[in-house]
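Structure, as structure tokens:
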Amino acid sequence: DRIYDQDRAVGGGDEVGQQQPHAIKAYIDNSTVTAGGGVSLTAQAPLDVHVLAVGGSLSSASGSTSIGNTTLAGTAAGAYAENTIATAVESSISGNSTINTKIGNGGVSLTAISGDMQSRADAFGVAAAHATGGTQNSGGLAVGFGLAFNTLAGTSKAYIDSSIVDSGGSVTLSADSKPDINALAIGIAASMARGTGTTGSLAGAGSVAKNVVNNKIETYISDSRNVDNPGVTGTTLSLTANDQSDVRADAGGFSLAWADAEAGTGTGLSLGVGAGIAINEVGVGSGSHVKSSVVNSDLQVAGDAGLATT
């Protein structure tokens with residue numbers, strides 16, 4: 001017989017449960033429970049994961065360090081930040097268990113909450129280049145980029161499977177997912193060149209921020225029936241499954257290019273490019289869903305019975 005409240009973690013750093021899901025379970029399996037009050041099982045996964053990456057680079061060249069009659073300065077900086085989280089939160093009665101709370105008119109409650117879960121990835125890449133050629137040709141090149149990613153695959157389940165629940169009060173199954181997911185990526189590049197000959201300045205900055213969230217949220221009663229009696233009895237019955245994900249991606253690319261060639265003595269060229277890409281993908285993975293169901297079961301409820309998903 002097994003009655004467990006289990007918290008099992010696999011993984012480390014900011015890759016939570018990458019080999020297999022970080023499992024948090026409260027369950028009764030193949031057991032008989034007779035309670036003078038109620039029976040309550042709660043599994044909850046509070047996670048706070050934050051990763052920060054910063055890359056910076058500065059390059060400067062003057063005429064005294066030139067090669068031949070050309071002065072060049074080039075620099076690049078990048079940052080990459082990623083969180084990968086896989087969780088399995090379950091509260092269940094299964095394996096031909098029998099639960100009886102009629103002695104004290106107690107209820108039966110199963111709750112699975114992937115709540116208070118925060119995942120944040122921040123990446124900043126900053127690059128600056130400065131070239132001064134004096135009486136020579138000069139060129140400056142700066143590249144800065146930032147990449148930030150969050151990937152969340154979560155399962156929240158509250159269920160009764162192949163068991164008998166004889167409740168003297170209400171029977172309540174609730175599964176909730178409330179992750180707060182944020183990705184911020186910034187790329188900044190600045191380039192300046194000055195000379196009397198041909199003078200060129202190039203600056204490029206880019207960033208990508210992406211969140212991928214795939215949740216499976218379920219409450220259900222399945223294969224719970226008895227030859228002589230209903231599988232689940234209670235004064236009221238409620239099954240609710242809720243997805244309250246808060247997902248945000250922000251990206252920015254900022255560039256500055258400046259070329260200064262003395263009038264009448266040279267040619268000045270400058271080009272600056274900045275780009276930011278922000279992507280949120282929620283529920284696009286295979287099997288992602290929110291559902292409540294009763295399958296192949298016999299229920300006897302004295303009052304209201306309801307199933308709800310949001």
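- Across every non-hydrogen atom of Thr42 and Ser91, the tightest pair is N-OG, 4.2 Å.
- Hydrophobic cluster membership is shared by Leu173 and Leu307, with clusters built from Ile, Leu, Val, Met, Phe, Trp and Tyr side chains linked at under 4.5 angstrom.
- Every residue meeting the side-chain hydrogen bond (donor to acceptor under 3.5 Å, both in side chains) condition with Ser119, not counting sequence neighbours, appears here in chain and number order: Asn83, Asn150.
- Judged purely by distance below 3.5 Å, without hydrogens or angles, the side chains of Ser174 and Thr111 never pair a donor atom with an acceptor atom.
- Chaining together hydrophobic side chains whose heavy atoms lie under 4.5 Å apart places Ile277 alongside Tyr80, Phe145, Leu147, Phe149, Val208, Ile279.
- One hydrophobic cluster holds both Phe254 and Phe124 under the rule that ILVMFWY side chains link at heavy-atom gaps under 4.5 Å.
- Val273 shares a hydrophobic cluster with Leu141, Val143, Leu202, Leu271; the chain of contacts runs through ILVMFWY side chains whose heavy atoms sit under 4.5 Å apart.
- Residues passing the salt bridge (Lys or Arg N to Asp or Glu O under 4.0 Å) test with Asp250, sequence neighbours excluded: Arg248.
- Asn30 and Asn96 share no side-chain donor-acceptor pair at under 3.5 Å.
- Checked against salt bridge (Lys or Arg N to Asp or Glu O under 4.0 Å), Asp298 has the following partners two or more places apart in sequence or in another chain: Arg225.
- Evaluation of the ring pair (Phe, Tyr, Trp, His ring centres under 6.0 Å) test over residues 288-310, restricted to residues two or more places apart or in two chains, returns none.
- Remark: Asp122 engages Arg120 in a salt bridge (Lys or Arg N to Asp or Glu O under 4.0 Å) (not counting sequence neighbours).
- Between Ala79 and Ala53, the shortest heavy-atom distance links the atoms CB-O, 3.5 Å.
- Sorted by first and then second residue, the salt bridge (charged side-chain N to carboxylate O under 4.0 Å, His left out) pairs with a member in residues 149-158 form an empty list; sequence neighbours excluded.
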Using residues 100-109 as the side-chain source, report each donor-acceptor pair under 3.5 Å to any protein atom, sequence neighbours left out, with the distance given to one decimal.
residue, atom, partner, partner atom, Å
Asn100, OD1, Lys102, N, 3.0
Thr101, OG1, Gly106, O, 2.7
Thr101, OG1, Gly168, N, 3.2
Lys102, NZ, Asp166, OD1, 3.3

*Begin from the C-alpha positions of Val51 and Val49 and carry the test side chain to side chain contact (heavy atoms under 4.5 Å, CB included) through to its verdict.*
CA-CA 7 Å; Val51 62; Val49 182; 5.9 Å; no
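- Leu184 and Ala148 make their closest contact through O-CB, 3.4 Å (heavy atoms, listed as atom of the first residue, atom of the second, distance).
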*Verify side chain to side chain contact (heavy atoms under 4.5 Å, CB included) between Leu299 and Val171, making sure each step is shown before the conclusion.*
CA-CA 11 Å; Leu299 313 179; Val171 177; over 6 Å; no
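- Residue Asp161 is tested with Ser297, Ser224, Ser97, Ser222 for a side chain to side chain contact (heavy atoms under 4.5 Å, CB included); the sole match is Ser222.
- In this structure, Ile217 shares a hydrophobic cluster with Val290, the cluster being traced through Ile, Leu, Val, Met, Phe, Trp and Tyr side chains under 4.5 angstrom apart.
- How far CD of Gln244 is from CG of Asp176: 6.0 Å, rounded to the nearest 0.5 Å.
- Within the structure, the side chain to side chain donor-acceptor pair (under 3.5 Å) test picks out the following pairs touching residues 300-310 (sequence neighbours left out): Asn242-Thr310.
- Sorted by first and then second residue, the ring pair (Phe, Tyr, Trp, His ring centres under 6.0 Å) pairs involving residues 183-235 (not counting sequence neighbours) are Tyr159-Tyr220.
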